[in-house]
Amino acid sequence: MNPQTIREGYNFAYLDEQTKRMIRRALLKAVAIPGYQVPFGGREMPMPYGWGTGGMQVTAAVIGENDCLKVIDQGADDTTNAVSIRAFFRDLTGVRTTEKTEEATLIQTRHRIPEKPLQAGQVLVYQVPIPEPLRFIEPSEVETRKMHALEDYGVMHIKLYEDIAQFGHIATAYAYPVLVNGRYVMDPSPIPKFDNPKMDNSPALQLFGAGREKRIYAIPPYTDVKSLDFEDHPFEVQRWEQCCAICGSDESFLDEVIMDDQGAHEFICSDTDYCRERMANLEVTA
Amino acid sequence: MNSIALQIGFQEPVTDAQQVFRSLLKVMSEPGVIESLDQATTLETLCPAAFSTCLALLDSTTRIWLAEPFNSDAVAKNLSFHTGCRLTQTVGEADFVLCRADQLPQLDQLKRGSAEYPDRGCTLLVQVDQISDTALPESTVLRLQGPGIPGQRTLAISSLPRELIHYLTGRPDPFPLGLDIVLLADNVVTAIPRTTRVEVN
């Protein structure tokens, strides 16, 4: 690694060492208590809240010279948020970056888990807007802390039941609550529920950072992560009748894209790396 | 008045602290995995792994309690100089407790945090003679299960005191309360956080 590539006047990975230590201590407690939200002294980052300041602080505390970083926004490597954060860390750490899921040792993500299964040794850092799954039911932090302490999660099931009563099925499609290691109800960040099963017993380490709310939480590798459901309404992921208009995949998570002002639309893979690799393989076999 | 020799801490403070942390994150999230930790040297009776861990985690916002023989002037002064950590004489208010396996404090006096804030419990750093994934002479072989462990993992620790074995197998604190234990020997580290279920072979 060439230290000259780091922008002058900044510490490695932007944050000062004291802040990194504080975040690191919070991360160690977070992995020791899977799904529990550890408060931390969130810092101002050179971008507004809502753009991934929590994820960036976790990444800055974790990243080292030997890492290879991938950043995705809604699955895509080439959108504003992903490009900016990737450039930020390339500037301030000099680490290698990649768009290939299997090459990355560290992946910062906004609202998706890559389609390609993660491997042991990889670290996935989620950007989290609202870390508290009970917040929309109970606005008081004192109360939600107590509810977590007492495992008082009945209201969460009531919220899901209200969906069934109103729509006939659980209509929650993203930020679908999960139970981690049989103990803490956790917000998986606004990933589509399509991605929830990938969290269960993943060989990769999953870290979550919420910058505005100043919370860090984690799921160690090989940890039970169960999406909440009912015996007669078991958890189900989204399915599409369409397949990807570019690569033809019928297994990936699809984004609907409006093509013109006549209402024409197409569905394409949200994971750009997955889609591109499938296209490359199709060209080889063609 | 004897002057205390200050030792070099990390050669590369930023890089070394990050690497030590990544090893600690690895062992805390995958209990029983053994990682090497030799970014710092030996500090008097403190092994390289223990000194490295202290340098990476301690600062002026953390309180540490040192057991015999670590509560010497040399260790205390060096830790204070390099990290600015606060030394405490009251084991119950320490964020980190550093001890040798044969000099454990009363475990029930260590800070546990509360049901609302279980993260405020103490991290127990225990220096032992040897850590291995296969049985050693005079060692206790532990079978670990829980988060971070696919199936089960075996860990052998030499001369693990009865008190600590009782704590690990009995788990007197109801989850989410509990001690997160980092085991350090020479230049290797492993950890047994509060979620790990421990059986003795």
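Every chain is numbered from 1, with letters handed out A, B, ... down the list of sequences.
- Here the straight-line distance linking atom CZ of B:Phe21 with atom CG of A:Leu27 works out to 4.5 Å at 0.5 Å rounding.
- Rounding to the nearest 0.5 Å places CG of B:Leu24 at 6.0 Å from CG of A:Leu28.
- In this structure, the portion of B:Ile149 lying under 4.5 Å from any heavy atom of chain A is its backbone and not its side chain.
- Enclosure of atom NZ in A:Lys100 is not indicated, since only 12 or fewer non-hydrogen atoms of other residues, nucleotides or ligands lie within 6.0 angstrom.
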(Q) Test salt bridge (Lys or Arg N to Asp or Glu O under 4.0 Å) on A:Asp67 and B:Arg22; report intermediate values, then the result. (A) CA-CA 11 Å; A:Asp67 276 311; B:Arg22 277 297 271 275; 2.8 Å; yes
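- By number of non-hydrogen pairs under 4.5 angstrom with chain A, the leading residue of B:Val182, B:Asp119, B:Thr196 is B:Asp119.
- Counting only distance, with no hydrogens or angles, the side chain of A:Arg25 and the backbone of B:Leu57 share a donor-acceptor pair below 3.5 Å.
- Atom-to-atom distance recorded for A:Tyr222:OH and B:Arg153:CZ is 7.5 Å, nearest 0.5 angstrom.
- Heavy atoms closer than 4.5 Å to chain B are found nowhere in A:Ala218, neither backbone nor side chain.
- Contact of A:Asn201 with chain B is not made at all, since no heavy-atom distance falls under 4.5 Å.
- Across B:Gly148, B:Ala115, B:Gly178, B:Pro193, the residue that shares the most heavy-atom pairs under 4.5 angstrom with chain A is B:Gly148.
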Q: Check step by step if side-chain contact (heavy atoms from CB on, under 4.5 Å) holds for B:Glu30 and A:Leu205.
A: CA-CA 9 Å; B:Glu30 298 184 52; A:Leu205 171 63; over 6 Å; no
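- For a residue to count as touching a neighbouring chain, one of its non-hydrogen atoms must lie under 4.5 Å from one of that chain's; by this rule A:Asp224 does not touch chain B.
- Side-chain contact between B:Glu116 and A:Lys146: present, with at least one pair of heavy atoms (C-beta onward) separated by less than 4.5 Å.
- Looking only at side-chain heavy atoms (C-beta outward), B:Asp59 and A:Glu17 stay at 4.5 Å or farther from each other.
- Within the 4.5 Å cutoff, no side-chain heavy atoms of B:Ser29 are placed close to those of A:Thr223.
- Within the 4.5 angstrom heavy-atom criterion, no atom of A:Leu150 approaches chain B.
- Side-chain contact between B:Pro176 and A:Tyr36 is absent, with no heavy atoms from C-beta onward closer than 4.5 Å.
- Panel note: side chain B:Gln18, backbone A:Val62; a donor-acceptor pair is recorded below 3.5 Å.
- Using a 4.5 Å cut-off between heavy atoms, B:Ala191 does not touch chain A at all.
- Proximity to chain A is limited to the side chain of B:Thr62, based on heavy atoms less than 4.5 angstrom apart.
- Neither the backbone nor the side chain of A:Val180 comes within less than 4.5 Å of any heavy atom in chain B.
- Distance check: A:Lys29 NZ to B:Thr123 OG1 gives 3.0 Å after rounding to the nearest 0.5 Å.
- Counting heavy atoms from C-beta on, the side chains of A:Arg21 and B:Thr61 never come closer than 4.5 Å.
- The contact between A:Arg183 and chain B is made entirely by side chain atoms (from C-beta outward), counting heavy-atom distances below 4.5 Å.
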